[in-house]
Amino acid sequence: MRRKLAAGNWKMNGTAASLAELETLKSLLPANAPDVVICPPAPLLFRASEAARDTGIQIGAQDCHMQDSGAFTGDISAAMIADTGATHVIVGHSERRAAHDEHDRDVRKKATAAWAAGLTAIICIGEALEDREADNTLDIIAGQLAGSLPDHVSAANTVIAYEPIWAIGTGKIPTLEQIVEVHDFVRSKIVTRFGADTGDMIPLLYGGSVKPDNAATIFEAANVDGALVGGASLKAADFAPIITALANS
Ligand code: 13P
């Protein structure tokens with residue numbers, strides 16, 4: 001059985017007061033809860049890790065630098081993230097790719113840096129609207145997988161999140177058939193490249209406008225093992241029903 005994971009990406013939202021949501025979320029988790037990871041902004045990582053201790057909730061960062069240390073003003077290394085008590089890091093989010101000019105080769109290096117620090121990398125891929133409209137989605141996904149995934153992925157160190165860019169923060173989601181098509185394609189690609197023992201065990205998340213009212217449908221897809229949730233992860237009252245839908249899928 002693959003592990004199920006509900007990951008919340010708070011993006012550039014939240015201050016210390018927001019950590020109360022972790023306590024509320026804990027109280028709302030179902031008994032059969034899947035893995036739950038909250039990725040707050042970097043200044044909250046340490047306090048979030050402390051607040052999440054013994055809650056069953058894990059903490060992740062939203063990005064890391066590819067180098068261990070050095071003259072990189074404003075950047076944060078994977079080792080620093082691990083030092084806060086965090087266990088995961090998102091790499092290659094489309095907002096980083098677009099706003100910080102990150103490319104597949106950067107994402108690959110960041111994933112490798114994450115592993116070296118003992119973190120699980122949540123590697124993001126996803127097509128733009130023009131790619132979708134030009135019927136290029138699977139080509140784009142194949143290219144991102146080939147370029148962004150290092151050679152030594154394992155089910156323990158890697159999660160892949162498919163986030164169509166046009167679905168992020170828009171309230172638009174692909175049809176279930178479109179989600180199934182991409183997730184089945186990703187699964188077949190990673191099984192081919194890494195073998196069934198690894199490729200069949202890596203969790204695949206869907207991300208982009210996942211909400212309490214659409215989560216159960218999305219989780220019907222056999223190769224959707226969870227979600228990477230933005231806006232609806234900010235409030236425990238919104239995130240908890242998504243987690244429950246995943247637990248019951
Ligand atoms: P939304 O759930 O707000 O669409 O964000 C998705 C996302 O980008 C998560 O990483």
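Order of appearance sets the numbers: ligands from 1, and atoms from 1 within every ligand. By convention here, the first residue in the shown sequence is residue 1.
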- request: Please could you name the atoms of ligand 1 that Gly231 approaches to less than 4.0 Å, counting only its heavy atoms?
  value: 1 (P), 2 (O), 3 (O)

What do you reckon, does [X] have a nitrogen or oxygen under 3.5 Å from a nitrogen or oxygen of ligand 1?
{"X": "Ile168", "answer": "no"}
{"X": "Leu228", "answer": "no"}
{"X": "His93", "answer": "yes"}
{"X": "Glu163", "answer": "yes"}

query: Is the backbone N or O of Gly147 less than 3.5 Å from a side-chain atom of Arg108, with the two atoms forming a donor-acceptor pair by type?
result: yes

field: Set of residues satisfying salt bridge (Lys or Arg N to Asp or Glu O under 4.0 Å) with respect to Glu102, sequence neighbours excluded
entry: Arg96, Lys110

message: For Asp225, is there an ion pair with Arg187 - N to carboxylate O distance below 4.0 angstrom?
response: yes

message: I'd like to know if Glu50 and Arg47 make a salt bridge, using a cut-off of under 4.0 Å between side-chain N and carboxylate O.
response: no

query: Do you see a donor-acceptor pair shorter than 3.5 Å between the side chains of Ser148 and Asp104?
result: yes

task: Consider only side-chain N and O atoms of Tyr162 and Gln144, and report whether a donor and an acceptor are under 3.5 Å apart.
output: no

Any Gly208 heavy atom less than 4.0 Å to ligand 1: yes

- prompt: Would Ser209 count as a contact of ligand 1 if the rule is a heavy atom under 4.0 Å away?
  reply: yes

task: For atom 5 (O) of ligand 1, find the nearest protein heavy atom and state the residue, atom name and distance (0.1 Å precision).
output: Lys11 NZ, 3.3 Å

- request: Starting from atom 2 (O) of ligand 1, locate the nearest protein heavy atom and write down its residue, its atom name and how far away it is, to 0.1 Å.
  value: Gly230 N, 2.9 Å

message: Using a 4.0 Å heavy-atom cut-off, which part of Asn9 comes near ligand 1: side chain, backbone, both, or neither?
response: side chain

message: Hydrophobic clustering (ILVMFWY, side-chain heavy atoms < 4.5 Å, transitive) - are Val229 and Leu19 grouped together?
response: yes

